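Presented below is the structure to which this report refers.
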Amino acid sequence: MKVFVDGKYYDEDKAKISVFDHGLLYGDGVFEGIRAYNGRVFRLKEHIDRLFYSAKAIMLDIPMKHEELVKATVETCRRNKIKDGYIRLVVTRGKGTLGLSPFRCPKGSVIIIAGKIQLYPPALYKKGMEIITVATTRNLHNAVNPAIKSLNYLNNILAKIEALNVGKEEALMLNSDGYVAECTGDNVFIVKGDKIFTPPLYAGALYGITRGVAIEVCESAGWKVEETNLTRYDLYNADECFLTGTGAEIIPVVNIDGRKIGTGRPGKLSKKLIKEYHKLTNSTGEPI
Ligand code: PXG
């Protein structure tokens, strides 16, 4: 595998950054997780937009322009002969001193890895997923804003550990007011009657690209999506529930905290949405 680091391509065992990089020392940096399907990079522009927004929020100068990052991402896929794969774009604060100040790090580093991702087993999409609510509260906006896709993922990792400890693949996270925020790597939707609901982004969620695509697909099919605060009660009593994320794509949830959701099997709308999502991933995106 060839890995892009600061403008050059290295064999994977030669691709390195300094132990003094604040990305490692403090989790100071931002990243994106992007998928390629059928020889195209899906929603690449949107991912790079979000990378710049995350960087702006933490006062990090990305040492490349938007279009240079698009080109470098596509080129990294090309060099690794990726048709279907997963791309990890990372911008670290760069090499600095053993002190917190980011201003002692003269230049950020850009890393692009194009490889494969560990996906959920296909059977889980047919059967649906069981999740639990965890005690770890989603980050507060005025602590580390959940909209920032930062290299500091401990909030999500702590939640994931709670779920994995009891044999569940995903954890539902609430915000400090007790409203549903999101899962550790996915946004949450429910269907109730003929309406679709998802928490507003100010509930404490990442501005998910897949969330945006799911809303577009629903609305172009004539199904309205309402962004509103949701509680666990709303989720337990939903007809359908599904999660959206670049890794998970769209995955039905059939059980939350031991409560069966709807019929206990993936719902009609979720199944239709999964089909439409695949149509888009297979036919749109930046050609490699
Ligand atoms: N919330 C959080 C906290 C995330 O990390 C999403 C929502 C969904 O956003 P997108 O833009 O992907 O629809 C994410 C994204 C992985 C992996 O390695 C995780 C994500 C994306 C890609 C891979 O598990 N999380």
Side-chain angles (χ1 to χ4, degrees), residues 27 29-37 41-54 57 73 82 84-90 111-121 124 129 131 134 136-141 143-164 168-175 179-189 198-218 225 227 230 241-251 253 273-274 277-278 280-281 284-285:
V30 294
F31 78 102
E32 278 299 320
I34 310 169
R35 290 276 287 273
Y37 297 89
V41 185
F42 190 59
R43 300 278 159 147
L44 179 57
K45 183 188 169 297
E46 287 86 341
H47 279 285
I48 293 184
D49 283 346
R50 187 172 66 186
L51 185 75
F52 275 91
Y53 296 142
S54 294
T73 304
I82 296 288
D84 295 274
Y86 177 69
I87 302 144
R88 175 62 59 93
L89 233 163
V90 183
I111 301 162
I112 309 173
I113 307 168
K116 294 280 171 205
I117 188 178
Q118 175 78 48
L119 300 170
Y120 290 130
L124 210 51
M129 192 181 218
I131 65 175
V134 294
T136 303
T137 300
R138 189 71 179 109
N139 277 333
L140 304 180
H141 295 288
V144 181
N145 196 311
I148 303 170
K149 204 164 166 64
S150 85
L151 290 182
N152 201 314
Y153 247 51
L154 274 176
N155 183 227
N156 314 53
I157 290 165
L158 290 176
K160 186 90 174 181
I161 287 171
E162 286 189 68
L164 294 174
K168 304 289 178 194
E169 291 275 3
E170 247 307 2
L172 181 71
M173 301 182 80
L174 307 179
N175 64 26
Y179 292 111
V180 172
E182 60 177 344
C183 289
T184 67
D186 315 283
N187 293 107
V188 183
F189 286 73
T198 190
L201 294 168
Y202 56 75
L206 186 75
Y207 291 28
I209 309 286
T210 319
R211 175 185 185 275
V213 176
I215 293 174
E216 273 173 38
V217 171
C218 287
V225 180
E227 297 182 47
L230 299 170
C241 176
F242 59 87
L243 309 180
T244 65
T246 298
E249 303 179 320
I250 293 171
I251 187 156
V253 172
L273 202 53
I274 290 171
Y277 187 74
H278 286 155
L280 279 178
T281 55
T284 62

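Both counts, for ligands and for their atoms, begin at 1 and track the order of listing. All residue numbers in this chain count up from 1 along the given sequence. Values in this document were obtained by computation on a predicted structure and should not be read as measured data.
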* Output, in order, the C-alpha distance, side-chain angles, deciding distance and verdict of side chain to side chain contact (heavy atoms under 4.5 Å, CB included) for F42 and Y277. => CA-CA 11 Å; F42 190 59; Y277 187 74; 3.5 Å; yes
* Structure fact -> Closest heavy-atom pair, A203 versus N175, reported as atoms and distance to 0.1 Å, is O-ND2, 2.9 Å
* When you measure from the side chain of R138 to the backbone N and O of E182, does any donor-acceptor pair fall under 3.5 Å? -> no
* Asked: Is it true that a side-chain atom of T244 and a backbone atom of I250 form a donor plus acceptor pair closer than 3.5 Å?
  -> no
* Asked: Between F31 and Y153, what is the ring plane arrangement, given parallel below 30°, perpendicular above 60°, and tilted in between?
  -> perpendicular
* At a 4.0 angstrom heavy-atom cut-off, what protein residues surround ligand 1? -> R50, Y86, R88, I117, R138, K149, Y153, N156, E182, T184, G185, D186, N187, L206, G208, I209, T210, T244, G245, T246, G247
* Kindly write out the residues that satisfy salt bridge (charged side-chain N to carboxylate O under 4.0 Å, His left out) with E170, not counting sequence neighbours, or none if the list is empty. => none
